[in-house]
2 protein chains.
Amino acid sequence: MTQDISPSVARATAPTFSPLYRQIKDFLVDCLARGEWGPGAAIPSEAELAQRFNVSQGTVRKAIDEMAAENLLVRRQGKGTFVASHDDPRSHYRFLRLIPDDGSMVESHSEPFACAVQEAAPEVAAALQLETGAPVIVIKRLLSFAGKSVIYDQIYLPAGQFPGLTLETLRAGERSFYSLLENDFGVRMIHAEERLRAVAADAESAGLLAVAEGSPLLLVERTAYTYGNQPVEWRRGLYLTTAHYYRNDLG
Amino acid sequence: MTQDISPSVARATAPTFSPLYRQIKDFLVDCLARGEWGPGAAIPSEAELAQRFNVSQGTVRKAIDEMAAENLLVRRQGKGTFVASHDDPRSHYRFLRLIPDDGSMVESHSEPFACAVQEAAPEVAAALQLETGAPVIVIKRLLSFAGKSVIYDQIYLPAGQFPGLTLETLRAGERSFYSLLENDFGVRMIHAEERLRAVAADAESAGLLAVAEGSPLLLVERTAYTYGNQPVEWRRGLYLTTAHYYRNDLG
DNA sequence: AAGTGGTCTAGACCACCGT
DNA sequence: CGGTGGTCTAGACCACTTT
């Protein structure tokens, strides 16, 4: 007989039946999306969830295993299972792929220098699933390794989801950009897609990165998504790759 | 009491104890590395392996689960578990990340035009863990999408592991490069690392890709590894990214 | 019908963490 | 110590594929 974690839910003529562990996973993902447990918080123990859903602990375990593999949760033996957070040092460099040629682990430093609201250009609107002309926050910043500027980022966010975000906010504190969005606006980035191209530096980029106009730069366009595959950030990064490279592992 | 899948193995004073499922995984990986089962072949069933190792089926299952997640094995319900192969269409585009801007799924065509043995330059030797000057096979080829050349590859292989590889071999048949290495030389690529940079086209690349000298190109340097993290291929690819982009998913 | 992987259970014990 | 996740078992039943 087909089972369901919530007997009160009408199964009716629904032609789609998921295994129990998947129903549990879907439920837990929904809890995360609704902010039931904030980033860094502990979720209920496997035993408690098993009791709550009337399933065995192994079934709950399989659901959590998959979510841990997707970087949604973090297991810590003896302590519990926690909602993944960009505050965690382990998640800190998950989205930055530029590495110095010499392999040194120098600290990177972000220097935002502009933050304004604009109307979304068609390209930006399409990526963020907004109407063209909708208000977006535009942030410009320079990222440097060991004092040398290597990335010029232009970041676009839907204005409505980040009220009161200013240049001062960005410059305050040492936390990373995604940590800030997570803590101050409750928006957690869980996935991103990047499109890379080689381009010639325009006047603005050349000036900021201290190279000749026309020099080859690595263009990295990123769309970042929160729960439910909802895009909430689009950015255009220009990477100077004379002494650094973009690393990618093909599994 | 600590257990071991092979009671006859002296555990002696070994300070490292792995869980059973990890010992089984290590054993299976070793079987693959030794070529016990060729690519595409079926491995013994979970029940048989469980009996052979005197463990429960769930323990074998966990070992195989991890190997499937690492693309070493492929599970097929009702049929069995098989050694992953580049002949499988699913694995076919696992290493090619260049996508046309319009998203069309056009067929790519590889056109090798040079194949010779050279002495390894220091950079190549380092990547392949050989001595500088060791014999390496150098392959040059053009890859085109919809008739337009978009990638110029220079591929370096340790000559000793690929005896008799010629331009004729490469041009024969329609199989992919990694399928050929797998079928004709028993070398299966399981993992690769790429380093990306933006560079200016030199005369040779500009000519082959039909762009002006100095045009920005995406330089992709790849080291590919077989079982045991042994590097067996290094390649330098120059990608034309005016109508295509390199796609990367950040998990 | 027989064989395979896929799901699920109920219980055991271990390793680790906090108090 | 009690609570957590981590490993392992023995068995059940289901879904899929082939004979």
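FYI, side chains are in, hydrogens and waters are out, and symmetry mates aren't considered; it's all heavy atoms of this structure. Proteins get letters first, then strands, A, B, ... in listed order; numbering begins at 1 in each.
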Phosphate OP1/OP2 of D:dG5: any A:Thr81 side-chain N/O under 4.0 Å: yes
Check the phosphate of D:dC8 against B:Tyr21, side-chain N and O only, distance under 4.0 Å to OP1 or OP2. Yes or no? no
For residues B:Leu49 and B:Gln57, determine if any side-chain heavy atom of one lies less than 4.5 Å from a side-chain heavy atom of the other. no
Could you tell me whether the side chains of B:Tyr245 and A:Glu194 share a donor-acceptor contact shorter than 3.5 Å? no
Below 6.0 angstrom between ring centroids: does that apply to A:Tyr239 and A:His244? no
Side-chain heavy atoms of B:Arg94 within contact of B:His86, under 4.5 Å: yes
Could you tell me how far apart B:Arg75 (CZ) and D:dA15 (P) are, to the nearest whole angstrom? 18 Å
Pull out every residue in residues 58-65 of chain A that has a heavy atom closer than 4.0 Å to any atom of DNA chain D, ordered by number, or say none. A:Arg61
Would B:Glu107 and B:His109 count as having a side-chain donor-acceptor pair, cut-off 3.5 Å? no
Just verifying a value: how many Å separate A:Ser56 OG and A:Glu46 CD, rounded to the nearest 0.5 Å? 10.5 Å
Checking D:dG5, D:dC8, C:dG6 against the side chain of A:Ser45 (C-beta onward), the nearest is D:dG5
Atom CG of B:Leu20 and atom P of C:dA15: how far apart are they, to the nearest Å? 13 Å
Nearest-Å distance for atom pair CD/P, residues B:Gln57 and D:dC8: 15 Å
Would you kindly give the CD-to-C1' distance between B:Glu46 and D:dA15, to the nearest whole Å? 14 Å
Measure from NZ on A:Lys25 to C1' on C:dC8 and round the result to the nearest Å. 18 Å
Here the distance between atom P of C:dG3 and atom CD1 of B:Ile43, to the nearest Å, is 18 Å
Go through the side-chain N and O atoms of A:Tyr178 and A:Glu233 and say whether any donor and acceptor fall under 3.5 Å apart. yes
Using a strict threshold of under 4.0 Å (side-chain N to carboxylate O), is an ion pair present between A:Glu182 and A:Arg175? no
Within the side chain of B:Ser45, is there an N or O that forms a donor-acceptor pair under 3.5 Å with the backbone of B:Glu48? yes
With respect to the phosphate group of D:dC16, does any side-chain polar atom (N or O) of B:Arg76 fall under 4.0 Å of OP1 or OP2? no
Lys/Arg N to Asp/Glu carboxylate O, B:Glu221 vs B:Arg195, below 4.0 Å: no
Between A:Tyr227 and A:Asp30, does any side-chain donor sit less than 3.5 Å from a side-chain acceptor? no
Return one dot-bracket line describing DNA chain D 5' to 3' (Watson-Crick or G-U wobble pairs, both distances under 3.5 Å; ( ) same strand, [ ] crossing, | another strand, . none). ..||||||||||||||||.
Taking the side chain as C-beta and beyond, is there a heavy-atom pair between A:Arg97 and A:Val220 under 4.5 Å? no
Please determine if a side-chain N or O atom of B:Ser56 lies less than 4.0 Å away from the OP1 or OP2 oxygen of D:dA10. no
Rounded distance (Å) that lies between atom C1' of C:dT4 and atom CD of B:Gln51: 15 Å
Heteroatom pairs (N/O) under 3.5 angstrom, protein to nucleotides 16-19 of chain C:
unit_1 : atom_1 : unit_2  : atom_2 : d
C:dC16 : O4'    : A:Gln77 : OE1    : 3.2

Whole Å only: how far is the CD atom of B:Glu48 from the C1' atom of C:dG5? 15 Å
